[in-house]
Amino acid sequence: MLLPLLAQPTFTRHHQGQTHLKHTTPPRSTLLVMLGIILLAHGYLGMRLFPALGLQGAGLLLGWLALALSSLLLPLGLAARFISQPPWADRLAWLGLTVMGLFSSLFVLCLLRDVSLLPLAYLLSDAAYSSWQIQSALGVFAGAGLFTLVGLINARRSAAIVDVAVLVANLPAELVGFTIAQISDIHVGPTIKRPYLDAIVDKVNGLGADLVAVTGDLVDGNVADLSAHTAPLARLKSTHGTFFVTGNHEYYSGALSWIAELRRLGLQVLLNEHVLLSHGGHQLVVAGVTDYGAGHFYPDHQSDAQAALAGSPDSPFKLLLAHQPRSAFKAQDLGLHLQLSGHTHGGQFFPWNFFVRFQQPFTAGLNLLGNVWVYTSRGTGYWGPPKRLFAPSEITRITLRRG
């Protein structure tokens, strides 16, 4: 969908060579194209479903009014914070983003219904085919409503702990059992606030991990609006501290301000650099790169795995934090053992999980790229519609094993 473009910032270069972000809407022609697509998609729903249900008169009018309202709420849900102030911006975002999730399921189920009608027109009798048209139209609305409700419950409930064992060749006995707690893609913003993050921090602290990794897309909004809601991050506890790398949404939200705020909270932000940790008499390398597209916002933030690991010593375990899994293509020959990533949300909800692979090498879980393990988190929060289907959120506990 083109709707996310409404929430993207633009950036301008000033004479001093600094790059400054400012939130603007796309050109009028782009907005008109997006609005046209939204209206056409809603028109398709009305033309395909309303006649099958036999809507007439007031019922038909109400149906079209509902679709018109949905067409308006979809872009407003994403643009709420640019056109209003809290708490109304948050309320508008909640309404618009929930409608977006409902519309997505309606559209997909309507497409599947139409696909089913093609062969059934030849396989069923006229009476049976007519009955299926009515039943399937009702099923589209019922299914979309059910998916939206279940998706909302899945999105808003506390993320489950997912245990992952990573095998490292020749791992010293002192490092066997070393644990990393990974959280990613929380998206504190219009619909995710402090109580949501508080629950995440409590669960992470309960793991007693050796290290906490936050792999980007923590926020959707500026520091002034959200600092009170990200404050729980200061409570994160582990043996060696909390390490953070930027995601694309940090750059949409003023990355430099957020880097300063997270450092104030006690997180160690890794910008194409590494640190050495001493554990059990061994040195571990923990490196982090900026988001894959960070260079488009700040040239000096260009993601660079080679720079991040430059000068790092030989180590029995080298870890790279990189928001997007595709960063692994440039990092796989640098002697790493494990890359932790997020970004994909595991697709978040059907059918978008099938499209992730067009941009990223992995959608979710543990995969091997060359000699490097890449773990892609499904995310600990959600973005956009408060909806998760077949891609549950997670807090990941990675445990090192010898193998």
Side-chain angles (χ1 to χ4, degrees), residues 1-10 21-28 30-32 34-35 37-39 41-42 62 64-106 144-145 148-149 151-157 185-200 217-233 248-255 257-258 261 345 348-349 380-388 393:
M1 296 179 70
L2 296 176
L3 289 174
L5 292 175
L6 287 170
Q8 307 296 324
T10 58
L21 294 178
K22 62 177 183 179
H23 288 287
T24 63
T25 54
R28 181 176 297 179
T30 303
L31 290 173
L32 289 175
M34 290 191 292
L35 181 60
I37 293 174
I38 292 170
L39 291 172
H42 282 78
L62 286 174
W64 282 110
L65 286 175
L67 289 179
L69 181 60
S70 174
S71 298
L72 176 65
L73 287 173
L74 256 67
L76 288 181
L78 283 172
R81 65 190 174 103
F82 305 122
I83 61 178
S84 183
Q85 297 295 320
W88 288 104
D90 293 340
R91 293 167 183 167
L92 182 58
W94 257 110
L95 180 59
L97 294 172
T98 302
V99 169
M100 182 187 294
L102 175 63
F103 167 76
S104 176
S105 290
L106 280 171
T148 302
L149 177 60
L152 174 63
I153 294 171
N154 287 340
R156 296 299 301 177
R157 68 184 179 185
D185 301 272
I186 299 173
H187 292 280
V188 175
T191 66
I192 293 180
K193 302 295 186 183
R194 181 169 185 149
Y196 194 103
L197 186 57
D198 262 324
I200 291 170
D217 277 10
L218 172 66
V219 293
D220 275 310
N222 58 48
V223 173
D225 291 337
L226 297 178
S227 60
H229 300 285
T230 55
L233 294 170
N248 50 308
H249 282 252
E250 272 71 56
Y251 291 96
Y252 306 156
S253 304
S257 297
W258 275 114
E261 174 65 9
H345 297 214
Q348 192 161 314
F349 58 90
T380 316
Y382 56 85
W383 181 83
K387 184 175 183 178
R388 275 191 174 272
S393 57

Given side chains that start at C-beta, do those of [X] and [Y] come closer than 4.5 Å, heavy atoms only?
X      : Y      : value
Asp185 : Trp383 : no
Pro190 : Asp90  : yes
Val219 : His187 : no
Thr230 : Trp258 : yes
Ile192 : Tyr382 : yes
His42  : Leu74  : yes
Leu92  : Leu73  : yes
Trp94  : Pro386 : yes

If you round to the nearest 0.5 Å, how far is [atom2] of [Y] from [atom1] of [X]?
X      : Y      : atom1 : atom2 : value
Glu261 : Leu233 : CD    : CG    : 9.5 Å
Met100 : Leu76  : CE    : CG    : 10.0 Å
Tyr252 : Glu250 : OH    : CD    : 10.5 Å
Leu102 : Leu152 : CG    : CG    : 11.5 Å
Leu67  : Ile38  : CG    : CD1   : 13.0 Å
Ser227 : Asn222 : OG    : CG    : 9.0 Å

Please answer whether the main-chain N or O of [Y] pairs with a side-chain N or O of [X] as donor and acceptor at a distance below 3.5 Å.
X      : Y      : result
Arg388 : His345 : yes
Asp217 : Asn248 : yes
Ser84  : Ala80  : no

Would you please say whether a donor-acceptor pair under 3.5 Å links the side chains of Ser105 and Lys387? yes
Where do [X] and [Y] come nearest, in terms of heavy atoms and distance?
X      : Y      : value
Leu226 : Lys193 : CD2-NZ, 4.4 Å
Arg194 : Ala231 : NH1-CB, 3.8 Å
His249 : Ser253 : O-OG, 2.9 Å
Ser104 : Phe349 : OG-CE1, 3.4 Å

Set of residues satisfying salt bridge (charged side-chain N to carboxylate O under 4.0 Å, His left out) with respect to Asp225, sequence neighbours excluded: none
What residues form a salt bridge (charged side-chain N to carboxylate O under 4.0 Å, His left out) with Arg156, not counting sequence neighbours? none
Is the charged tip of Arg91 near the ring of Trp88: under 6.0 Å from the six-membered ring centre and within 45° of its axis? yes
